[in-house]
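The structure displayed is predicted, hence computed values, not measured ones.
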Amino acid sequence: MTERSPVLLVGHPNVGKSALFNRLAGTNISESNYPGTTVEYTESELDLGDRTVDVLDVPGTFSLSPTDEAEAVAVELLEEYPDAPVVCVLDSTRIERGLNLLLSVLDRGHPAVVALNMWDEAASQGVDIDVETLESLLGVPVVPTVATEGVGLDSLRSALTEPRETSLESVSGRARTDIRQADSSADLVRSETGPQTDASARRWDLVDAIVERAVTYRDSEPSLSEHIGRLAVSPLTGLPFAVAVLYGMWSFFTAVAGFFTDGYFVPLFDNYWLPWIQEAFPMEGSWVYFLLVGDPGAQRAVSSWGMLTSGLFVAIGVVLPAILALYFLLAILEDSGYMARLAVLVDALFDRIGLSGFAIVPMVLSFGCNVPGVAATRTLQTEKQRFIAMTLLSVFIPCGAQLGVMLSLLPQYTGYILLYLLAGFFVFGAVLNRIVPGETPDIAIDIPPMRRPRLDNVATKLSLRLRGFMTTAIPFVLLGVAVVNVLYLGGAIGWLSGMLEPLLVGWFGVPADTIPALIAGFMRKDLAVAQLSAVSMSSFQLVTSVVMVSIYFPCVATFAMLIKEGRTGGGVVRVLGGALATLVTVLFVWGGLLRVIGTVLGVA
């Protein structure tokens, strides 16, 4: 092992690779985008006793023949570090597919160590693996691990001090198979970058031969977690279970956000911070005061509109509790193995709008923040799916910060607004599915076993996501307040209000005073919703205005992410132009339809 080569953790999705990484890694954990992409990988340092080396959690891949951008990055990392030792993480309960990926890695000449993860679950499911025999056949160290419990980590670190290389020919010879050898090692490599060939078929034959020698299966009684896992994925029982889980998520989210925002941050900012800074800050009446503090006579921080008043209140008092609650729940669902089951359940529904069940992950992430949600569309398989998902997420899914403000200002209407937005998500998704060329392939997914979430894993995921979100949220909130205040000072808000008043009043039925909120929505949609609370209008007009802000132009951070993703999702012009065309259509059709509904019901 050279000092410059990092240790690469390679494996299928949902095999516990990231949990193993969290156990092995030091305290200096960071996420980075792979150059030229928005695909993230996690890196840290690994203490091997006599030295410290870098360790990379490579994006999960089913094979070295990539079908999406994340898998392509996994292959590129292997090519970028051809001498790097690889920890190939295998799911002990489904060892065959993992062995096929391992053989592909070994054929590239990487020194390797095998981590047989989920060792305890394999034993409980009647899967007995002879570690000594498997290690003898493969010619590389094999270490049973239970990443969630930290079992086997010391042995894995010890094995990493002397990883070994091997070849498919030597593995085949040790397995004593009569499998016809490939003409050359290059044949086997080419099978990973093209269609299924005789060479890849022979590799599967070699996997079968290894399993026959080293693995035995015995009958076992399903555990309680296995029963729950099967019920959660069956349509008959899984759909009611999913409704209950999502309702529980929503109830927890609203309770936590309301508890901290209304119970602590509103009194703190309104009763202490706002009066103090209004009195202590000098130059009252100047543009500096207006920019930083806002209205000197404001009684509430949310309506004062200063960078140090409204800006800090929205970022800390509203955004932080909402994001904390949502990301905590998401980490629990991922660590428990439920998210994969939810993807399978919603696949048939999402197929009608041109997406696969995998789109549930970007969708849930977008309820925290549209930026990571749009970035997560890289896991979708085709350009059509990525375009549809990016467009729908950026238009229809309100972020956690926006939801937090909505719950704070109009809790009685938030549920209705969400239902209307989700209806638009599926209606316009079905339209896009018909007019956007391309296919929606069936999903292939390994469903991990249901397990009790580990607090340390949940804490690590929560910490990484909060860190990434807060480094962009607070600056953009403060910048958004500053931009809106500058536009007020320059007279741009008044000019736009006068120009757009006939359209807003005539078509949408909302006051011209909503223009500042639309401008604020380009910076942060949560700011826009907060600003609407200061506009005098009826309840239905308020609901209509919030819907308009939600389906209005994506915030600048999401806009930037659409540009980044467009480079690899069919072209920036196609992705951005298509998204904006959809947005304009949605704004006029879906926004106008809401007024029609209100008129019919007699509330508009």
Side-chain angles (χ1 to χ4, degrees), residues 7-25 46 55 57-58 60 62 85-103 105-106 112-164 207 210-230 334-337 340 446-458 460:
V7 173
L8 305 179
L9 265 64
V10 177
H12 292 172
N14 299 318
V15 297
K17 182 168 55 65
S18 294
L20 189 64
F21 171 86
N22 293 336
R23 289 281 186 174
L24 289 172
L46 174 62
V55 56
D57 184 8
V58 176
F62 287 105
V86 171
V87 177
C88 204
V89 185
L90 276 58
D91 178 355
S92 298
T93 66
R94 303 177 179 89
I95 192 171
E96 292 87 353
R97 295 184 67 180
L99 283 173
N100 186 271
L101 177 62
L102 169 66
L103 293 178
V105 171
L106 294 177
V113 174
V114 176
L116 285 178
N117 202 31
M118 305 183 192
W119 182 257
D120 54 339
E121 293 172 5
S124 67
Q125 295 178 25
V127 182
D128 294 326
I129 303 173
D130 188 330
V131 175
E132 292 184 0
T133 299
L134 184 60
E135 186 172 285
S136 175
L137 292 172
L138 294 174
V140 298
V142 177
V143 181
T145 62
V146 182
T148 55
E149 303 291 340
V151 174
L153 265 65
D154 290 339
S155 298
L156 188 59
R157 288 191 183 94
S158 177
L160 273 169
T161 61
E162 295 182 2
R164 297 199 295 269
V207 168
I210 294 171
V211 170
E212 185 177 355
R213 294 278 302 277
V215 184
T216 56
Y217 297 91
R218 52 184 168 79
D219 295 333
S220 63
E221 290 295 325
S223 64
L224 177 61
S225 62
E226 288 180 274
H227 280 300
I228 294 175
R230 291 172 183 172
E334 288 177 335
D335 211 50
S336 68
D446 279 336
I447 301 179
M450 292 286 290
R451 60 174 69 90
R452 184 176 60 186
R454 294 282 306 183
L455 181 60
D456 51 353
N457 291 340
V458 171
T460 300

Novice: Do Val127 and Glu121 touch side chain to side chain, with heavy atoms closer than 4.5 Å?
Specialist: no

Novice: Report the C-alpha distance between Val207 and Arg97 in whole Å, list the side-chain angles of each, state the deciding distance to 0.1 Å, and finish with yes or no for side-chain contact (heavy atoms from CB on, under 4.5 Å).
Specialist: CA-CA 8 Å; Val207 168; Arg97 295 184 67 180; over 6 Å; no

Novice: Any heavy-atom pair between the side chains of Leu137 and Arg213 that's under 4.5 Å?
Specialist: yes

Novice: Of all the heavy-atom pairs spanning Met118 and Thr93, show the shortest one and how long it is.
Specialist: O-CG2, 4.3 Å

Novice: Report yes if the side chains of Gln125 and Arg94 come closer than 4.5 Å at any heavy-atom pair, otherwise no.
Specialist: no

Novice: Exactly one of Val86, Val140, Val87 should register a side-chain contact (heavy atoms from CB on, under 4.5 Å) with Val114. Which one does?
Specialist: Val140

Novice: side-chain contact (heavy atoms from CB on, under 4.5 Å) between Leu102 and Val10: does it pass, once the steps are laid out?
Specialist: CA-CA 9 Å; Leu102 169 66; Val10 177; over 6 Å; no

Novice: Can you name the nearest heavy-atom pair linking Asn117 to Ser92, along with the distance?
Specialist: O-OG, 2.7 Å

Novice: Please name the pair of heavy atoms, one in Ala159 and one in Pro141, separated by the smallest distance, quoted to 0.1 Å.
Specialist: CB-CB, 3.9 Å

Novice: Which is it for Leu20 and Leu156 under the side-chain contact (heavy atoms from CB on, under 4.5 Å) test, yes or no, and what are the steps along the way?
Specialist: CA-CA 10 Å; Leu20 189 64; Leu156 188 59; 4.0 Å; yes

Novice: Going by side-chain contact (heavy atoms from CB on, under 4.5 Å), Leu116 matches just one of Ile129, Val146, Val143, Thr145. Which one?
Specialist: Ile129

Novice: Are Thr148 and Asp335 packed together at the side-chain level, in the sense that at least one heavy-atom pair is separated by less than 4.5 angstrom?
Specialist: no

Novice: Under the side-chain contact (heavy atoms from CB on, under 4.5 Å) criterion, do Leu24 and Val7 qualify, and how do the steps go?
Specialist: CA-CA 11 Å; Leu24 289 172; Val7 173; over 6 Å; no

Novice: About how many Å separate CD1 of Ile210 and CG of Leu134, when rounded to the nearest 0.5 Å?
Specialist: 7.0 Å

Novice: Can you confirm whether Glu212 is buried at CD, in the sense that more than 12 heavy atoms of other residues, nucleotides or ligands lie under 6.0 Å from that atom?
Specialist: no

